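If you're wondering where the values come from, they're calculated on a predicted model, not measured in any experiment. Letters A, B, ... are given to chains in the order of the sequence lines, protein chains preceding strands, and every chain is numbered from 1.
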2 protein chains.
Amino acid sequence: MHKNWFIEEDHYSSSHYHHKETVFTIGNGYFSSRGSFEEGFSDEIATTFVHGVFNDVPTFGTELVNFPKWYSLAIILGDEPFRMDSGKILFYQRQLNLGNGLLTRKLFWESPKGSRLKITFERFMNMADVHHGALRFSIESDNYQGKIRVLSDIPGYVTNERYQHWSIIDQGYISEHGCYLTLQTLDTGIEAALAQKTRLEFSHEVMLQYWHARTVPTLAFEIEVEKGDMVTGVKHCAIYTSRESDRPLEEAVDDVNQRFSEGFDTTLGKSEDVWKNLWDRSDVSIEGDDLADQALRYNLFQILIAAPRHDDTVSIGAKTMSGYGYRGHVFWDTEIFILPFLIFTQPEIARNLLMYRYHTLGGARQKAIDNGYKGAMFAWESAATGEEVTPTWVEGPDGELVRVWCGDIEQHITADVAYAVLQYWQVTGDDDFMVNFGTEIFLSAAQFYTSRLEWEETTDTYHIRNIIGPDEYHEHVDDNAFTNLMARWVLEEASEIKCWMKTSSPDRFFDLLNRINLTEEEIASWPLIAEKLAVRVRSDGVIEQFDGYFNLKYLNLTSLEPREQSLQRLFGIEGVQEYQFLKQPDVIMAQYLLRNRFDPQQIIQNLAYYTPRTDLSQGSSLGPSIQALMLARYGDIGQAETLFKKTLLTDLDNNRGNTPDGIHAASAGAVWKVVFFGFLGFNTQNSTPQVNPKLPERWKRVRLKIRWKNKPISFDINE
Amino acid sequence: MHKNWFIEEDHYSSSHYHHKETVFTIGNGYFSSRGSFEEGFSDEIATTFVHGVFNDVPTFGTELVNFPKWYSLAIILGDEPFRMDSGKILFYQRQLNLGNGLLTRKLFWESPKGSRLKITFERFMNMADVHHGALRFSIESDNYQGKIRVLSDIPGYVTNERYQHWSIIDQGYISEHGCYLTLQTLDTGIEAALAQKTRLEFSHEVMLQYWHARTVPTLAFEIEVEKGDMVTGVKHCAIYTSRESDRPLEEAVDDVNQRFSEGFDTTLGKSEDVWKNLWDRSDVSIEGDDLADQALRYNLFQILIAAPRHDDTVSIGAKTMSGYGYRGHVFWDTEIFILPFLIFTQPEIARNLLMYRYHTLGGARQKAIDNGYKGAMFAWESAATGEEVTPTWVEGPDGELVRVWCGDIEQHITADVAYAVLQYWQVTGDDDFMVNFGTEIFLSAAQFYTSRLEWEETTDTYHIRNIIGPDEYHEHVDDNAFTNLMARWVLEEASEIKCWMKTSSPDRFFDLLNRINLTEEEIASWPLIAEKLAVRVRSDGVIEQFDGYFNLKYLNLTSLEPREQSLQRLFGIEGVQEYQFLKQPDVIMAQYLLRNRFDPQQIIQNLAYYTPRTDLSQGSSLGPSIQALMLARYGDIGQAETLFKKTLLTDLDNNRGNTPDGIHAASAGAVWKVVFFGFLGFNTQNSTPQVNPKLPERWKRVRLKIRWKNKPISFDINE
């Protein structure tokens with residue numbers, strides 16, 4: 001395979017350990033594990049998350065629960081445990097194969113007492129059986145002779161950054177060479193079972209004991225090695241929870257028994273077959289720019305391992321499942337930044353993510369009621385139930401308490417969900433989804449906005465006051481352009497959808513209206529309301545980001561360079577509101593989403609106006625991708641490429657400094673959008689998919705496939 | 001031994017499990033463990049705390065850290081683990097021997113599959129070697145034959161109510177039949193070592209393995225039993241930390257080796273010898289009222305096991321070390337409610353507790369500086385360093401955030417500490433303490449109050465405004481009588497102390513003045529200031545609790561009976577402030593502490609006025625004891641006895657409902673005061689100790705010893 005299918009690390013540094021733990025995250029759409037070392041490491045952040053397994057936690061309300069480290073393995077030479085934070089590393093190499101998700105670590109290690117071993121670990125999380133992960137290892141003695149113990153355990157002592165979510169229920173032995181642990185989340189009562197089997201292959205005797213130690217069932221192997229001896233082994237593990245099974249322990253045991261008898265290579269092969277199918281649909285290759293080619297693939301890999309293929313009640317969190325950041329909560333990042341890639345290449349998965357919103361309509365309706373509105377008011381941060389789980393207060397950088405208003409008044413999320421529903425439908429033609437689920441989401445979203453609007457009698461206009469737009473530097477503003485433009489769009493499109501569904505499925509349509517307490521007349525009134533929703537446009541076409549924005553102070557951003565802090569940190573939460581700075585594109589974002597509704601000249605005007613005011617270096621990690629995309633179409637291709645590279649390397653280079661908290665999922669998903677909508681210039685004039693490429697200079701050839709109305713289309717662009 | 005030396009439980013109920021875990025807490029002044037079951041229990045609150053081992057935690061700032069359960073032991077019949085929450089309990093008895101701290105549990109248990117065992121556990125925490133605890137157990141098969149496994153482990157998976165404080169450092173085997181675990185607190189970096197050795201005695205073969213399972217080193221014993229077979233065993237454990245040792249692991253291993261070779265009976269015997277000495281000084285016997293006799297002894301037992309005998313850098317927390325309540329923080333409870341018992345019966349321990357305040361002067365001085373004052377401003381809640389650790393916000397009963405002001409403005413604590421210093425000195429005549437430490441505390445306290453006072457020019461009076469007194473129902477009041485009376489007393493007594501020290505140790509005296517930046521002239525001015533400190537007294541002698549108190553609403557408390565909520569909960573935090581209700585005696589408390597300064601008739605007047613306004617049933621648990629004491633001297637002896645009984649049974653009967661959070665230390669210590677100062681009427685007119693008994697009707701004889709100026713005095717009162 002070409003080298004652009006691999007991510008490698010040749011040098012080991014403890015200071016980058018947490019960054020690389022995130023980078024080397026693997027998964028299979030059911031569960032996901034960071035790239036922590038099998039044997040443990042001081043201060044490691046070794047998370048394994050399973051989709052949908054949330055539990056209560058202070059401050060954040062609810063969070064994905066860290067599971068026991070299924071790939072845990074200890075190697076002990078005499079009385080010296082192998083650990084990379086002791087002894088010497090004589091050779092080190094880590095490699096992630098993006099083609100099949102295999103994570104390999106090879107090293108040559110000298111113990112503090114001078115014993116040298118060659119050790120290899122290979123692990124993967126099975127795409128063909130998502131409950132299964134496997135670890136293969138080999139240990140070769142260079143100069144050591146004596147006892148080696150290999151402990152293959154299920155370490156039940158696991159917390160989320162010190163916070164305990166599990167009670168241990170039971171543990172025991174599985175013949176031959178296996179053990180299990182069952183646990184239950186303390187508040188949500190979700191049961192989980194981990195079963196593992198381990199085998200050691202060695203030319204001489206292998207002694208094996210099962211240790212029924214409290215909370216840590218362990219298979220303990222003991223061998224006597226001579227210099228030059230090599231021992232190999234494999235550990236298979238299966239995880240089931242009560243979310244998908246009535247008898248998780250039995251299923252985990254059955255599963256691990258089957259995978260164990262199939263063996264490492266066979267299970268890896270089957271997993272690789274699934275990967276081949278995934279990449280066959282989703283890969284993008286860029287010739288002429290190896291870095292872009294490799295980094296793009298890496299970003300898509302991270303989306304593919306986080307995307308639930310078999311569960312439509314979960315979604316992708318803002319940090320995928322690769323770290324503690326945002327606690328597994330789902331934001332608009334999913335619908336606006338990640339979904340396009342999946343809608344166009346893996347529509348079945350995209351449908352699962354949209355179904356998550358359908359299943360959480362209960363929480364969204366409750367939020368609307370709690371706030372005095374109608375319809376569905378989606379949570380700014382959403383978890384298992386769709387209830388609002390944005391923390392109200394968080395600790396600021398100086399230890400002070402900061403009030404977070406997004407859960408209260410960042411309300412464009414509902415339009416974003418509606419937008420994704422329509423985009424999915426338009427690309428896939430999945431009428432079944434639209435009849436049964438999509439229309440309900442869409443009309444419920446429209447209902448919310450109509451109840452949210454405030455009518456001003458004197459001017460006969462509608463307003464959305466006290467809001468936060470995508471530009472979160474400005475809180476409690478009136479008539480945020482993004483929110484109003486999107487709300488207006490929802491109200492207008494609702495009529496189209498109504499018309500279609502009433503025609504094609506009238507019975508279902510009227511059933512739905514009754515169920516959500518809506519009338520045809522109401523829907524008919526929406527376009528008139530939409531027309532009167534305030535959006536302020538200057539004579540030169542520049543849209544005012546919110547009421548009064550033009551009156552704020554202007555400061556040349558370049559005068560502050562170089563800086564390593566966001567403008568909010570520099571000026572303070574209150575201070576930054578006095579300036580025209582944006583945390584991320586806001587008007588431009590709306591113009592991207594609704595680009596067919598704007599004259600290109602107006603987009604260019606707005607881009608010229610807002611770009612120098614946007615904190616692209618230290619603001620939101622969501623900013624550079626959209627900016628790159630819009631520049632590729634309406635601005636300078638070189639600048640577009642620079643921002644695209646920045647987006648590509650967000651996590652590989654940890655260029656925002658917080659990759660240890662997890663992958664920037666929006667950024668990872670958005671790279672595809674930049675290529676597809678930006679450099680390739682995809683559009684669907686008159687429902688015909690077409691491209692209009694403007695490639696960066698170095699790019700020789702770009703190949704990309706999509707599915708359009710359930711049929712494949714390949715693009716192969718040479719320049 | 002007489003039955004009043006035992007606390008027994010004959011009936012087992014899972015609904016009282018947490019209450020009884022607290023009741024059956026044992027300890028030895030170094031560490032302390034709740035009465036949780038050796039084998040574990042669902043939802044158990046199994047804490048083991050070691051004095052001074054604090055770590056950071058959200059909300060509470062810092063808290064005592066829960067240690068691994070040193071007495072953990074699992075018994076497994078075939079595949080059935082023995083647990084009291086499964087199978088049937090055919091007989092059950094638990095007994096705490098107050099004479100030697102031995103906690104015994106006997107039971108006859110039938111497993112779910114019908115196997116019956118007689119099991120006995122006995123454990124104690126060694127008073128003669130405070131790093132040591134031991135567990136003896138016996139298992140007798142009634143009808144079971146087959147394999148029994150006994151797992152004696154150190155379970156490193158331990159949290160404080162879900163919050164993790166430890167990282168595991170190392171673990172290993174100790175020959176013969178032992179293992180160890182070393183840990184370190186995550187923020188404060190305190191290292192701890194636990195070493196244990198276990199022996200099983202059985203007539204047939206005993207198989208033993210050491211399991212080096214991650215975080216849970218385990219000694220695994222296996223035997224084959226026939227019906228009627230009996231097996232016995234003993235587990236010894238030693239704990240050392242880096243607070244008292246440079247090599248905690250080595251010391252723990254040495255210790256456990258020694259105790260293990262001495263054996264259970266010998267070590268228990270040595271511990272009992274220490275207990276005999278403790279009780280010889282501290283016991284109070286009441287003939288004619290068995291319940292009072294037994295309950296009083298139980299309360300004193302709980303103080304004795306919490307009192308640090310070998311460490312003068314720690315103190316007794318408001319819940320001793322018997323639960324999570326108040327996180328091990330130290331309040332005025334120690335100086336005012338607990339210390340008198342220790343000053344009069346165990347002055348060496350009392351000295352340790354006062355030295356804790358001396359060692360935390362740094363924190364108290366910093367708090368003064370941070371608040372713009374001088375001298376030492378002791379923390380309302382104090383932990384390792386003396387810095388203020390009162391939480392600023394806590395969650396209220398309905399989940400809302402409640403601002404806690406005590407850490408900011410409950411400022412009588414500094415006078416309370418000074419009061420205890422003087423009481424200790426007067427009772428013990430420990431001039432050495434006073435010269436080296438006590439005077440510094442006292443003068444620093446006086447310095448604080450002089451800087452805290454606000455002078456009102458128009459009236460030429462001093463005031464302490466914006467304060468909370470002991471009656472915490474009223475926040476932000478001006479001139480709280482208790483605070484002002486105590487501050488006045490401190491300023492007046494400072495002159496006496498100055499006079500004494502200047503005469504007896506002039507060099508040390510002037511050194512001290514230089515060191516704390518104080519002059520003789522300043523001290524000389526204090527009595528004049530004290531005289532002008534506002535205390536409002538009505539013409540009938542009733543002291544106004546604070547400025548404006550008399551104008552608050554009056555409500556007859558009996559009109560609200562029966563009630564199960566505090567008045568604060570009933571009326572709300574704001575609402576209760578409009579009424580004259582008290583959370584606990586405030587003026588009366590001051591009159592108790594400064595009783596020689598008040599005319600008895602005035603005390604009777606105040607008692608008559610404030611008693612019907614005090615929430616004695618659901619207010620502070622500190623209230624009933626002082627009320628009982630004052631009623632015994634100045635009121636109705638029957639009422640005094642009723643409130644005394646209530647105090648005695650606070651934890652044995654869980655009569656405030658929160659004993660699961662830990663022993664009410666103030667209440668436990670105060671029972672001795674009620675007997676000694678209340679019913680016996682101890683006083684020291686002209687420095688001659690004397691009593692003036694007024695005993696409850698049933699009491700036939702009371703015997704009590706004190707130490708006065710380092711000499712024993714026995715009181716034996718017959719009525």
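More than 12 heavy atoms of other residues, nucleotides or ligands lie within 6.0 Å of OH in A/Y17, so this atom counts as buried by the packing criterion. Within a 6.0 Å sphere centred on CZ of A/F221, other residues, nucleotides and ligands contribute more than 12 heavy atoms.
Side-chain contact between A/L151 and B/H212 is present, with heavy atoms from C-beta onward closer than 4.5 Å.
Within residues 158-175 of chain B, the residues having any heavy atom less than 4.5 Å from a heavy atom of chain A are, in residue-number order, B/V158, B/T159, B/R162, B/Y163, B/Q164, B/W166, B/I168. Taking 4.5 Å as the heavy-atom cut-off, the residues of residues 55-73 of chain A that approach chain B are A/N55, A/D56, A/S72, A/L73, ordered by number. Among residues 38-48 of chain B, the residues having any heavy atom closer than 4.5 Å to a heavy atom of chain A are, in sequence order, B/E38, B/E39.
Expressed to the nearest 0.5 Å, how far OH of A/Y157 lies from OH of B/Y157 amounts to 8.0 Å.
By number of non-hydrogen pairs under 4.5 angstrom with chain B, the leading residue of A/V216, A/D79, A/I76 is A/V216. Of all the listed residues (B/A220, B/P81, B/G156), the one sharing the greatest number of non-hydrogen pairs under 4.5 Å with chain A is B/G156.
For a residue to count as touching a neighbouring chain, one of its non-hydrogen atoms must lie under 4.5 Å from one of that chain's; by this rule B/L186 touches chain A with backbone and side chain alike. Looking at B/A74, both its backbone and its side chain come within 4.5 Å of chain A, counting heavy atoms on both sides. In this structure, chain A has no heavy atom under 4.5 Å from any part of B/E395.
The two residues B/A213 and A/T218 make their nearest non-hydrogen contact at CB-OG1, 3.8 Å.
Under the salt bridge (charged side-chain N to carboxylate O under 4.0 Å, His left out) criterion, B/D408 pairs with B/R403, not counting sequence neighbours.
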